[in-house]
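Structure record follows, encoded as structure tokens.
Just so you know, ligand 1 is whichever comes first in the structure, and atom 1 is the first atom listed for that ligand. Just so you know, these numbers use all the heavy atoms, side chains as well, and skip hydrogens, waters and symmetry mates. Treat the numbers as computed from the prediction; the structure is a model and nothing was measured. Count residues from 1 along the sequence.
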Amino acid sequence: MSQKDKLIEEAGQNTRLAHIGNDPRAYHGFVNPPVVKGSTVLFPNAEAMEKRSQPYTYGTRATPTTDALCAAFDQLEGSAGTILVPSGLAAISIPFLAYLSSGDHALIVDSVYTPCRTFCDTMLTRLGIDVEYYDPEIGADITKLMRPNTKLVHTEAPGSNTFEMQDIRAITDAVHAYSADVVVTLDNTWATPLYFRPLDFGADVSIHATTKYPSGHSDIVMGSVSANAKHFPALEAARIAMGICGAPEDSYLILRGLRTMGLRLDQHQKSALEIAEWLDGRDGVARVLHPALPSFPGHEIWKRDFKGSSGIFSFVLQAEPERAKAKAHAFLDALSFFGLGYSWGGYESLALVVNLSDRTIRKQPIEGAVIRLQIGLEDVPDLKKDLEAGFAAAAAV
Ligand SMILES: *Cc1c(COP(=O)(O)O)cnc(C)c1O
């Protein structure tokens, strides 16, 4: 480790984001690493080609641009290696394919990102992998579900859409006490490595939809998977075997997004909390699902383990079951600044009605419709005015 790397390691969050993943002296002093596009990499002679004795050998393996982004993630996550993949969903499916074989058993948290469940219930099941969903608040009792053929435990904290917290330390300790070889993966998209570092809590693999906060501008689809030294080789081997690689242009833009991610997250956090507190206890709101609110069941775990909260949370719009959908639609249709669209992590606010029909354990709340909000970088008073219009429209149904 160089002297500068050591200083970066000890530096504050925003200093680190300004100095990781680049080496200006390697590029004539230019601050950012260039976008190196390429398939073929030439070797100086036949022996070098045979031995592949140079840092870059082919475009699918790595380029200086993808390497710069992987190095940045390794520094943020404390991981031994990172791979880049074409989407956040691929950042889940590729490690699953890397670590699971026919006849294996996988434990998946019930509050998982919905398309992950689709992957498990279709492809993994077809490949002969036994998939079982578990309660997000299971903690150390995860061992009761472990079997001799259990190879992977997938966690997501907080969970998608309903934000249940998981006690990651309790789970990783219990799983690894059962068998040191079982891989614990964690989808860390919500917190980013700035607010939670899964490997510090015993997880083996940290997954990101870099589509979200690292991109920050709703213009890139990409994923990253960072692993510890024990589990990185199998991950990298699977990536190479499947021909998966990160695009240099997108890698450049994600690296650019990282520079401001700390500042953006600070603002997302502040605005989202202000709006969540404003919604908590408001007429028409049955519950607010935000881990940083003391009223939220998983709040103590969040407070103990996380350094911050991001800009996405949900609330339950109070409604009798037969009118829940009509009220939710009226609410959404009255919004102007909140766009109706999937994904999150960009600068603009978004809203949608959450569909929980695929849940087997943590089902739809009975008090009404779950509305998910991504709080963007707009001014909070404008967003509140927008939400007021939504509540007025919902109340009129
Ligand atoms: C969005 C998301 C993903 C998938 O990311 P894409 O780039 O849209 O495929 C994975 N996990 C979580 C928690 C997400 O929110």
Quiz question: by atom type and distance under 3.5 Å, do the side chains of Asn149 and Asp104 form a donor-acceptor pair? no

So between Glu156, Met222, Lys212, whose heavy atom ends up nearest atom 1 (C) of ligand 1? Lys212

Could you check atom 7 (O) of ligand 1 against the protein and tell me its nearest heavy-atom contact, residue, atom and distance included? Thr211 OG1, 2.6 Å

Below the 3.5 angstrom mark, is there an N/O of Gly88, backbone or side chain, next to an N/O of ligand 1? yes

Provide the number and element of each atom of ligand 1 under 4.0 Å from a heavy atom of Trp344. 15 (O)

With heavy atoms only and a cut-off of under 4.0 Å, state how Asp187 meets ligand 1: side chain, backbone, both or neither. side chain

Tyr134 and Gln166: side-chain donor and acceptor closer than 3.5 Å? yes

Which of the atoms of ligand 1 are close to Val221, meaning less than 4.0 Å from one of its heavy atoms? 7 (O)

Would you say the side chains of Ser310 and Gln269 form a donor-acceptor pair under 3.5 Å? no

Could you tell me the residue and atom name of the protein heavy atom closest to atom 8 (O) of ligand 1, and the distance to it rounded to 0.1 Å? Tyr113 OH, 3.9 Å

Distance-only N or O hit between ligand 1 and Leu89, under 3.5 Å: yes

Qualifying residue, where the test is side chain to side chain donor-acceptor pair (under 3.5 Å) with Asp181 and the options are Lys230, His176, Lys151: Lys230

Check each heavy atom of Trp190 against ligand 1 and say whether those closer than 4.0 Å belong to the side chain, the backbone, both or neither. neither

May I ask whether Tyr342 has any heavy atom positioned less than 4.0 angstrom from an atom of ligand 1? no

Strictly by modelled atom types, are Tyr56 and Asp67 linked by a side-chain donor-acceptor pair under 3.5 Å? yes

Has His208 got any heavy atom lying under 4.0 angstrom from an atom of ligand 1? no

Can you sort out the partners of Tyr99 under ring-ring contact (aromatic ring centres under 6.0 Å, His included), two or more places apart, ordered by chain and number? His231

Phe331: what forms a ring-ring contact (aromatic ring centres under 6.0 Å, His included) with it, not counting sequence neighbours? Phe315, Phe391

How about Tyr213 and His208: are their ring centres within less than 6.0 Å of each other? no

